[in-house]
There are 2 protein chains.
Amino acid sequence: MPLPAMPTPLLTPAANLIAASGGRVTRTRTAVLEVLQHSARSLNHDDIAAELAANGLPHDRVTLYRTLDWLVEQGLAHRVIGPDRARRFKAGGEISSPHAHFHCERCGHVLCLESIRPDERFTLPAGYEPERAELVFHGTCADCGRRRGAKA
Amino acid sequence: MPLPAMPTPLLTPAANLIAASGGRVTRTRTAVLEVLQHSARSLNHDDIAAELAANGLPHDRVTLYRTLDWLVEQGLAHRVIGPDRARRFKAGGEISSPHAHFHCERCGHVLCLESIRPDERFTLPAGYEPERAELVFHGTCADCGRRRGAKA
DNA sequence: GATCTAATGCTACAATGTTGCATTAGATCC
DNA sequence: GGATCTAATGCAACATTGTAGCATTAGATC
Ligand SMILES: [Mn+2]
Ligand SMILES: [Mn+2]
Ligand SMILES: [Zn+2]
Ligand SMILES: [Zn+2]
């Protein structure tokens, strides 16, 4: 029997965001944004490359850099520079919702603290015009603290 | 007539700090610490190398890295990672007086805001144990704002 | 001044990110 | 569906920032 005609295939949320921003909806962009969207913590370049390869979509290093930069430009992802001087990425723009980050010195993970907004809580010296503020806590995360027992 | 015997030569403040920390008082360490002490803003590796060369004391890149690391270890300098992923250094320890920094996006300078202390002003989610907090403002510094006229 | 070794200089290497250009594939038009 | 146009990708070479190993130099002590 003949297959019924498929309706116009629904785009994933990631693909829709990419299409809405005016760029081409490519496998790479969709896959990278989905990796970011499915992660609770921020991911560095290697994390993302490994995840793509695991999904059968290995990519050139440079393409990944350019794709991530593009996602940040479009406001579909944001970036934090970790203490290891490497960039970490997470889905979602930052300008719309600036927030602090927590770097765990045991497991190395960087988490977004959406509830903590660093802006407009400090008075700077006269003449200094801040446009944004970066706030990063360093210490032990909840997971690592629990794993160590009651006393961290 | 015979020259009067010179008293034991006075060490510079920088040399005294270095001697007090137990390490050898070398030309390199003294010169680097003095460069840092004489600067109001934090300096990156190239800034320091250029300053040393201008003073007739050119140095190997690696030695500079090691010297700066050593000064930080001894608590005689502190370090901030700039948005260009390069470290910037300033005289004085940070643990004793944690403070925020201001990065000017026009001139690229990074200044210490000794009066703004990022710690103990935020409540983190349960289980998260911060040991230190980094707070960096990004915007236009007073100098660059003035240079642009009343309206930045 | 002679001695001991921390500090330095040199070379090679690692990690992260960038540039230029040829090739591929996403979009558009038919 | 296929032809066309060019944004996106892949590839190679390079740039920047920082590290590791080891021979040489110079700060401290005698
Ligand atoms: Mn975040
Ligand atoms: Mn500072
Ligand atoms: Zn952790
Ligand atoms: Zn400025």
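Chain A is the first sequence line, chain B the second, and so forth, proteins listed ahead of strands; every chain is numbered from 1.
In terms of phosphate contacts, A/Arg87 brings a side-chain nitrogen or oxygen within less than 4.0 Å of OP1 or OP2 of C/dG17. Between A/Thr26 and the phosphate of D/dT9, there is a side-chain N or O to OP1/OP2 separation shorter than 4.0 Å. In this structure, A/Arg61 does not reach the C/dG17 phosphate: none of its side-chain N or O atoms is under 4.0 Å from OP1 or OP2.
Remark: P of D/dT16 and CG of B/Leu64 are 17 Å apart, rounded to the nearest angstrom. When the P atom of C/dA7 is taken as reference, atom CG of B/Leu57 falls 18 Å away, rounded to whole Å. Distance, B/Asp60 CG to D/dG21 C1': 13 Å, rounded to whole Å. Distance, B/Leu52 CG to C/dT8 P: 11 Å, rounded to whole Å. Rounded to an integer number of Å, the gap from B/Ile18 CD1 to C/dA6 C1' is 14 Å. The interatomic distance linking B/Trp70 (CH2) with D/dG27 (C1') rounds to 13 Å, in whole Å. The nearest whole Å value for the distance from the CZ atom in A/Arg88 to the C1' atom in C/dG17 is 15 Å. With rounding to whole Å, A/Asp69 atom CG is found 16 Å from D/dA7 atom C1'.
Mapping B/His45 and A/Thr28 onto DNA chain D via the closest heavy atom, the residue that lands nearer the 5' end is A/Thr28. Looking at which nucleotide of DNA chain D each of A/Arg66 and B/Val62 is closest to, the 5′-most match is held by A/Arg66. DNA chain C is contacted by both B/Arg85 and B/Thr63; B/Thr63 maps to the nucleotide lying nearer its 5′ end (nearest heavy atom per residue).
Ring pair B/His78/B/His99: centre-to-centre distance below 6.0 Å.
Between A/Ser42 and A/His101, the side chains place no donor N or O within less than 3.5 Å of an acceptor N or O (distance only, hydrogens not considered).
Salt-bridge annotation for B/Arg146 and B/Asp143: present, with a side-chain N of the basic residue lying under 4.0 Å from a carboxylate O of the acidic one. Ion pairing between A/Arg66 and A/Glu73 fails under the 4.0 Å rule for side-chain N and carboxylate O. The pair B/Arg132-A/Glu105 meets the salt-bridge criterion, with a side-chain N (NZ, NE, NH1 or NH2) lying under 4.0 Å from an Asp/Glu carboxylate O.
Evaluation of atom-type donor-acceptor distances gives a pair under 3.5 Å for the side chain of A/Arg24 against the base of D/dA7.
Across all strands shown, D/dG27 forms a Watson-Crick or G-U wobble pair with C/dC4, both key distances being under 3.5 Å. Of the nucleotides present, C/dT16 is the one that pairs with D/dA15 by Watson-Crick or G-U wobble criteria, both distances under 3.5 Å.
In this structure, of D/dA8, C/dG17, D/dT17, it is D/dT17 that holds the atom nearest to the side chain of B/Asp46.
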Detail all sub-3.5 Å separations between protein N/O atoms and N/O atoms belonging to nucleotides 28-30 of chain C.
none

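Heavy atoms from other residues, nucleotides or ligands lying under 6.0 Å from CZ of A/Arg79 number more than 12.
Note that CG of A/Asp60 and OG1 of A/Thr28 are 10.0 Å apart. Values are rounded to the nearest 0.5 Å.
Using a 30° and 60° split on the angle between ring planes, B/Phe102 and B/Phe137 fall in the parallel class, below 30°.
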